[in-house]
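As structure tokens, the structure follows; a few thoughts come after it.
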Amino acid sequence: MGSTLRALAGSWTSGTQFTYQWFADGEAISGATGFTFVPTWEHRGTRLTVRLDGSREGYTPVSRTSASSTLIYPGLISVGLPVIVGSATPGATLTAVGPASVPSTVNVHYRWRLDGRSIRGANRSELTMRSAWRGHEITVSAEVDKAGYTVYRVTSPAARVGGAYTRSPNPTISGTPRVGSTIKATRGTWSPTPTSFSFQWYADGHRIAGGTSSSYTPKPRDYGKKLSVTVRSYRAGYGTVLRRSAATSEVLAPARRWVGDDEQARPVGPDGVLATIYIAQARSAECTWERRSATEVLGSSVGSGQRLFKVIDTDDTAFASESCGVWLRYYPEMVTPSDETADNGVYALGDHLERGVYSTSGPAVAGTSCAYTFYKGFYGQDAVIGQGTITEATTVTMPSAAVGFETAGCSWKRIG
């Protein structure tokens with residue numbers, strides 16, 4: 001459970017359009033009428049099937065039900081480690097935080113341990129330190145469960161009980177959280193000064209692998225999330241202290257940007273347009289861009305909707321665009337891949353758009369034509385590896401060599 005199931009259509013007449021209905025033990029599942037379906041705990045122990053109703057103008061409608069059913073097994077919870085926050089010194093209270101999990105709506109049961117052995121009655125999120133525990137290690141285990149999912153138990157890193165610091169402030173974060181821009185954690189003034197500190201960054205409460213220094217550069221997958229950092233101390237004879245910062249605002253889109261609404265050429269280089277891929281949302285406007293050398297146009301494109309282009313530092317000396325909106329540096333993994341397109345736009349395959357077999361009912365405007373293009377890169381006409389103009393319902397398969405797909409005047413949905 002929790003995994004996405006897909007209704008792969010198989011081989012049908014080009015341009016066939018599908019409607020879907022998922023079933024559990026032969027009973028239609030309310031609202032489960034899409035290409036994909038995510039089963040819940042209610043479907044545990046049932047067998048799932050999906051019915052495709054295929055239609056195309058001039059053809060007799062046909063229904064097909066999946067030949068093999070799927071047995072639903074218990075779901076798996078993705079869970080991090082709980083964190084002990086506070087000062088491990090006699091009389092002080094430690095607090096167990098987390099663990100962050102997917103799905104987020106889970107039940108958490110705590111159990112505190114001293115040197116690995118359970119402490120009688122210590123099954124709440126807080127624990128007060130005792131003098132007799134000096135020199136010993138405290139951990140907390142969290143048992144995470146949810147109806148229909150496998151139960152997990154995870155244990156925090158240990159905190160050693162010892163003397164108290166007279167000053168141990170929470171860390172603060174400076175800088176604007178943006179994809180590709182560095183922010184910094186300041187631990188503040190401690191007294192006495194610990195022998196060493198360690199840092200750990202989090203995104204929406206989930207530990208960031210490798211985020212263990214005092215600074216951090218948000219990755220594309222952090223876009224839209226809130227970041228925080230913990231600071232952990234060590235000094236012989238003193239209790240372990242872990243302090244946690246307040247969360248930042250949501251991570252913003254990349255800082256490198258400019259408005260592409262005039263034809264003024266921008267130089268390529270460190271002080272102008274860097275050699276990388278850029279993205280803009282032109283919406284209904286006809287966006288035009290050109291890659292230029294000192295003597296000629298090296299590549300160009302025109303179209304509405306989402307636009308992508310790549311600057312090549314070995315060739316390009318300037319770049320110009322008009323009616324494109326705001327250009328941003330493109331980073332993969334900032335969005336969840338979709339299985340359908342708008343009427344117009346350029347998509348990075350495997351990032352904006354899933355790979356697979358896609359079908360369109362034809363031009364969005366009756367009596368016209370629409371076009372599609374496959375690209376091996378986002379640098380203009382030389383990157384085209386396949387294209388077509390259509391006036392009726394059509395099916396295409398995304399080539400393995402393609403990295404980009406453009407549609408002009410027709411929307412596409414994945415069917416396989």
Side-chain angles (χ1 to χ4, degrees), residues 1-79 101-109 143-153 335-343 347 349-350 352-362 364 392-398 400 405 407 410-416:
M1 288 179 298
S3 300
T4 300
L5 304 179
R6 303 177 185 279
L8 303 179
S11 297
W12 289 66
T13 299
S14 178
T16 300
Q17 304 297 294
F18 295 99
T19 58
Y20 306 87
Q21 178 62 62
W22 293 82
F23 296 83
D25 287 339
E27 295 291 328
I29 301 171
S30 177
T33 57
F35 169 69
T36 61
F37 174 65
V38 180
T40 67
W41 70 272
E42 295 174 337
H43 305 115
R44 182 181 180 182
T46 66
R47 290 184 175 272
L48 295 184
T49 55
V50 61
R51 187 187 70 213
L52 305 183
D53 294 316
S55 62
R56 194 188 193 287
E57 186 176 355
Y59 290 76
T60 302
V62 175
S63 292
R64 292 286 186 267
T65 300
S66 57
S68 58
S69 55
T70 303
L71 179 62
I72 302 302
Y73 294 96
L76 299 178
I77 300 173
S78 174
V79 62
S101 65
V102 178
S104 59
T105 54
V106 297
N107 301 310
V108 182
H109 310 279
E143 190 173 88
V144 180
D145 67 76
K146 180 178 175 68
Y149 286 76
T150 300
V151 176
Y152 274 88
R153 177 183 290 170
V335 296
T336 300
S338 178
D339 56 19
E340 59 184 287
T341 74
D343 292 340
Y347 299 84
L349 294 178
H352 300 134
L353 193 65
E354 296 176 346
R355 294 184 179 274
V357 181
Y358 282 76
S359 180
T360 179
S361 59
E392 61 179 3
T394 303
T395 298
V396 299
T397 299
M398 304 295 179
S400 59
F405 175 74
T407 180
C410 46
S411 60
W412 300 79
K413 291 185 178 181
R414 187 179 176 189
I415 62 170

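Of all heavy-atom pairs between A28 and Q21, the closest is CB-NE2, 3.8 Å. For the residue pair L52 and A9, the shortest heavy atom distance occurs at CD1-CA, 3.6 Å. Pairing each heavy atom of A342 with each of Y347, the nearest pair is N-OH, 2.9 Å. When all heavy atoms of P39 and S3 are compared, the pair lying nearest together is CD-O, 3.3 Å.
To the nearest 0.5 Å, the span separating CD on E143 from CG on N107 amounts to 10.5 Å. Note that OG of S361 and CD of E57 are 10.5 Å apart. Values are rounded to the nearest 0.5 Å.
S14 places a side-chain N or O within donor-acceptor distance of the main-chain N or O of T395, the cut-off being under 3.5 Å. Panel note: side chain D343, backbone C410; no donor-acceptor pair is recorded below 3.5 Å. Under a 3.5 Å cut-off, the side chain of T13 and the backbone N or O of T16 do not form any donor-acceptor pair. Of the possible polar contacts, none joining the T360 side chain to the T394 backbone as a donor-acceptor pair under 3.5 Å is found.
Results of the side chain to side chain contact (heavy atoms under 4.5 Å, CB included) test with W22 over T33, L5, T49 single out L5 as the only residue that passes.
Side-chain contact between R414 and T341 is absent, with no heavy-atom pair separated by less than 4.5 Å. Using a 4.5 Å heavy-atom cutoff, the side chains of Q17 and S359 are in contact. With a 4.5 Å cut-off on side-chain heavy atoms, R56 and E392 count as touching. Contact of the K413 side chain with the F35 side chain is not registered, since no non-hydrogen atoms from C-beta on lie closer than 4.5 Å. F23 is not listed as a side-chain neighbour of I29, based on a closest heavy-atom distance of 4.5 Å or more. For the pair L353/W412, no side-chain contact is recorded, criterion being any heavy-atom separation below 4.5 Å from C-beta on. Between I415 and W12, every side-chain heavy-atom pair lies at or beyond the 4.5 Å cut-off.
With sequence neighbours left out, the salt bridge (Lys or Arg N to Asp or Glu O under 4.0 Å) criterion links R6 to E354. With sequence neighbours left out, S63 forms a side-chain hydrogen bond (donor to acceptor under 3.5 Å, both in side chains) with D53.
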